[in-house]
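Data first, discussion second: the structure below is written as structure tokens.
One-based numbering, in listed order, for ligands and for the atoms of each.
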Amino acid sequence: MEQNYNETELQLEYIKKCKELLGARSDIRPVYRIQNEGCQMNSLQTETVAGILDQMGFARTEKEEEADVVLYNTCTVRENANQKIYGHLGYLKGIKKAKPHMKIVLFGCMMQEEHVIDTIRRSYPFVDLVFGTHNSFKFPELFYAMLNSDSQIIDIWKESDRIVEGLPSARKYSFKTGVNIMFGCNNFCSYCIVPYVRGREKSREPQAILREIEQLAGEGVTEIMLLGQNVNSYGKTLGTPVTFAALLKEVEKIDGIRRIRFMTSHPKDLSDELIQVMAESKKICHHLHLPMQSGSSRILKVMNRHYDKEQYLELVRKIREAVPDISLTSDIIVGFPGETEEDFLDTMDVVEKSRFDTAFTFIYSKRTGTPAARMENQVPEDVIKDRFARLLSLVQEQGRTQSARFTGTVQEVLFEEENREPGLLTGRTQHNLIVHVPGSKELIGQYRQVRLDTCKGFYYFGHLV
Ligand code: 5AD
Ligand code: SF4
């Protein structure tokens, strides 16, 4: 794996060049608006692009009408994400008519699909710059090219084994952030487009990750979220293989870091070693996101998930035994091709037995190019809607019961922001439960003991003790 530091220097040069160029031009005001779609890894990439624009001297706005540069980091995991972008481009066309100097930039997962690029070329010629997931590190260079060009620039790479470290980032919070530990996915779950748009799994070197976290801790970050499509297989492809559990042990040693989270765990790769590290750790939060996708062993096989209903339930049992107060969350897909009522009842059964704090429920979305899209027995829409409603109702009822289990206890809360209601702060427990507490904004970024007084479904009201 090539970890490319010269590339970083080259891109930092382009940031300077853009800044000089913009300083000398009066046709584009350096004001941007950036919109993020999709997962936490996208959010992190969005923060990098924002950090680069900030270094170029840009100011940020949340209003498209005020911006001279608008950027979209796109997602394509489900079809509605794509429809949203196309719908929005229609709206932007109107704004650009009145403001022809406005620049429109699209990047991220959706741009890795050939049919999307064809559509942009054909129907959206007013989009100025398009790049993908594999060459996002080239953003400064491509942005510079865009400032010097009147024609549409599209640069998409099919694959890359490069990891470029050390580009700037505009973090949303000063005290918590995500850290990429790996990119891509090798699992090829039969419904999922991610391996096609994000490429093969590649892990960052542990030293690079640890150095970054040490630096973040030095800047006042106390909570980190280690990010990857399948963190449990971290390190397998490195020259000197390392396990995710071993990486966690090293992260634990870093002074200043108080909370460690990670996402996403694939059940097939969740090791006993990891469960033990979680149980022994003082810093790893008692929250595990463990997507089940389906409770039916037959469907799980067709989904290519490499575990069955019993193995999933056994994992849940082992985790609860090792970390009794664990908060478990999950992802579930309804209406995968060929799903019968019996399969669906297996999903309901696993949900009941697993007692999730939250589960994200998704209607199966056909993604062109995936094996599942070619399966013939797609489930009728009315059947899917009925199952989705039943599942959602169970998940919500269970979520309320599960979340309420901490009522009356004292928990450590990291305060994150002011609530819309004056005088109230909002924070999270290690279980990722949201708590609203009366307090002043000086507490933001700090940890305090809080008694959880009342549970309102998915959040608490509490008071400082
Ligand atoms: N349709 C519906 N949901 C999907 N997911 C991934 N691909 C699809 C699809 N084609 C869901 C999975 C995954 C989450 C991020 O998105 O549940 O865990
Ligand atoms: Fe998609 Fe499966 Fe990879 Fe998750 S593990 S990104 S669901 S292919």
Aromatic centroids of Phe188 and Tyr196 separated by under 6.0 Å: yes
Numbered in order shown, the ligand 1 atoms found under 4.0 Å of a heavy atom of Gln293 are 12 (C), 13 (C), 17 (O), 18 (O)
Heavy-atom nearest option to atom 15 (C) of ligand 1, drawn from Thr370, Val334, Asp331, Ile193: Asp331
Nearest heavy atom to atom 10 (N) of ligand 1, choosing from Ser365, Pro291, Ser190, belongs to Ser365
Check the orientation of Phe139 and Phe143. Use parallel for under 30°, tilted for 30 to 60°, and perpendicular for over 60°. tilted
For ligand 1, indicate whether the residue Thr264 contacts it via side chain, backbone, both or neither (heavy-atom separation under 4.0 Å). neither
For Arg367, counting its heavy atoms only, list the atoms of ligand 1 lying under 4.0 Å from any of them. 10 (N)
Proximal ligand 1 atoms for Tyr364, defined as those under 4.0 Å from one of its heavy atoms: 1 (N), 2 (C)
Heavy-atom distances under 4.0 Å decide this one: backbone, side chain, both or neither, for Phe362 against ligand 1? side chain
Lys366, portion touching ligand 1 at heavy-atom distance under 4.0 Å: neither
Val77: numbered ligand 1 atoms lying under 4.0 Å from its heavy atoms: 6 (C), 7 (N), 8 (C), 9 (C), 10 (N)
What orientation do Phe137 and Trp157 show, parallel under 30°, tilted 30 to 60°, or perpendicular over 60°? perpendicular
For the pair Phe175 and Tyr173, name the ring-plane relationship: parallel under 30°, tilted 30 to 60°, perpendicular over 60°. tilted
Could you list all the salt bridge (charged side-chain N to carboxylate O under 4.0 Å, His left out) pairs where at least one residue sits in residues 274-290, not counting sequence neighbours? none
Can you say whether the rings of His266 and Tyr307 are parallel (under 30°), tilted (30 to 60°) or perpendicular (over 60°)? perpendicular
List the residues meeting side chain to side chain donor-acceptor pair (under 3.5 Å) with Lys249, not counting sequence neighbours, and say none if there are none. none
